[in-house]
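Note sheet for the following structure.
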Amino acid sequence: QVTFVESGGGLVQPGGSLRLTCAASGSIFSIWTMAWYRQVLGKQRDLVASIGRGGRTGYADSVKGRFTVSRDNAKNAVYLQMNSLKPEDTAIYYCKAEGRRDSWGQGTQVTVSP
């Protein structure tokens with residue numbers, strides 16, 4: 001069982017930036033592909049970005065070129081740098097170890113509004 005704590009969200013104007021942090025504990029972190037998901041109230045969670053244990057990354061088309069995912073295995077942490085934010089990015093952001101059935105964390109709210 002892995003526990004995730006997301007942080008770094010907030011209110012930002014369109015075009016602004018935020019850096020999200022996912023801190024993980026409870027298991028060996030470095031072996032897992034990690035992913036960021038986001039969820040609008042009443043909708044299912046959508047995959048935003050992923051990063052493999054070797055650093056390979058992938059992004060949803062909607063965020064490609066604007067978001068950057070990274071990880072620091074020594075710190076059991078995953079990051080999501082979000083630039084050029086749009087109102088459509090407004091959601092609760094969660095991190096997840098892919099291939100596992102751990103409980104979701106509380107997420108961190110990102111609100112992009114004029």
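It should be emphasised that the depicted structure is a prediction, and the values quoted were computed from it without experimental measurement.
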Please examine the side chains of [Y] and [X], heavy atoms only from C-beta on, and report whether any two atoms are closer than 4.5 Å.
X     : Y     : answer
Pro87 : Pro14 : yes
Trp36 : Glu6  : yes
Val78 : Val69 : yes

* Asked: Can Val63 be reached from Val12 by stepping across I, L, V, M, F, W or Y side chains whose heavy atoms are under 4.5 Å apart?
  -> yes
* Can you get from Val110 to Tyr59 by hopping between Ile, Leu, Val, Met, Phe, Trp and Tyr side chains that sit under 4.5 Å apart? ->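 Same hydrophobic cluster.
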* In plain terms, say whether Asp89 and Lys86 are close enough for a salt bridge, that is, a side-chain N and a carboxylate O under 4.0 Å apart. =>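 Salt bridge flag = no for Lys86 with Asp89.
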* **Test log, rule side-chain contact (heavy atoms from CB on, under 4.5 Å), inputs Thr108 and Leu20** => CA-CA 8 Å; Thr108 185; Leu20 307 185; 3.9 Å; yes
Using a 3.5 Å distance criterion without hydrogens, assess whether the side chain of [X] forms a donor-acceptor pair with backbone atoms of [Y].
X      : Y     : result
Tyr93  : Gly8  : no
Asp102 : Val2  : yes
Arg53  : Asn73 : no

Within this structure, what is the [atom1]-[atom2] distance for the pair [X] and [Y], rounded to the nearest 0.5 Å?
X      : Y     : atom1 : atom2 : answer
Ser50  : Arg71 : OG    : CZ    : 10.0 Å
Gln106 : Ser7  : CD    : OG    : 13.0 Å
Tyr79  : Thr68 : OH    : OG1   : 14.5 Å
Asn83  : Arg66 : CG    : CZ    : 9.0 Å

* Asked: Are more than 12 heavy atoms from other residues, nucleotides or ligands located less than 6.0 Å from atom CD of Gln109?
  -> yes
* **Nonpolar side-chain network containing Ile92, other nodes, edges under 4.5 Å** => Tyr37, Leu47, Tyr94, Trp104
* Checking side chain to side chain contact (heavy atoms under 4.5 Å, CB included) against Val112, which of Leu18, Leu85, Leu11 comes through? -> Leu85
* Asked: Can you list the steps and then say if Arg100 with Glu98 is a salt bridge (Lys or Arg N to Asp or Glu O under 4.0 Å)?
  -> CA-CA 5 Å; Arg100 296 180 56 89; Glu98 296 288 59; over 6 Å; no
* Asked: Given Met34 and Ser70, is the side-chain contact (heavy atoms from CB on, under 4.5 Å) satisfied, shown in steps?
  -> CA-CA 9 Å; Met34 295 297 299; Ser70 60; over 6 Å; no
* So Ser62 and Glu88, side-chain contact (heavy atoms from CB on, under 4.5 Å) or not? Walk me through it. -> CA-CA 9 Å; Ser62 59; Glu88 305 92 273; over 6 Å; no
* Determine which pairs satisfy disulfide (SG to SG under 2.5 Å) with at least one residue from residues 42-114, sequence neighbours left out, and list them in order. => Cys22-Cys95
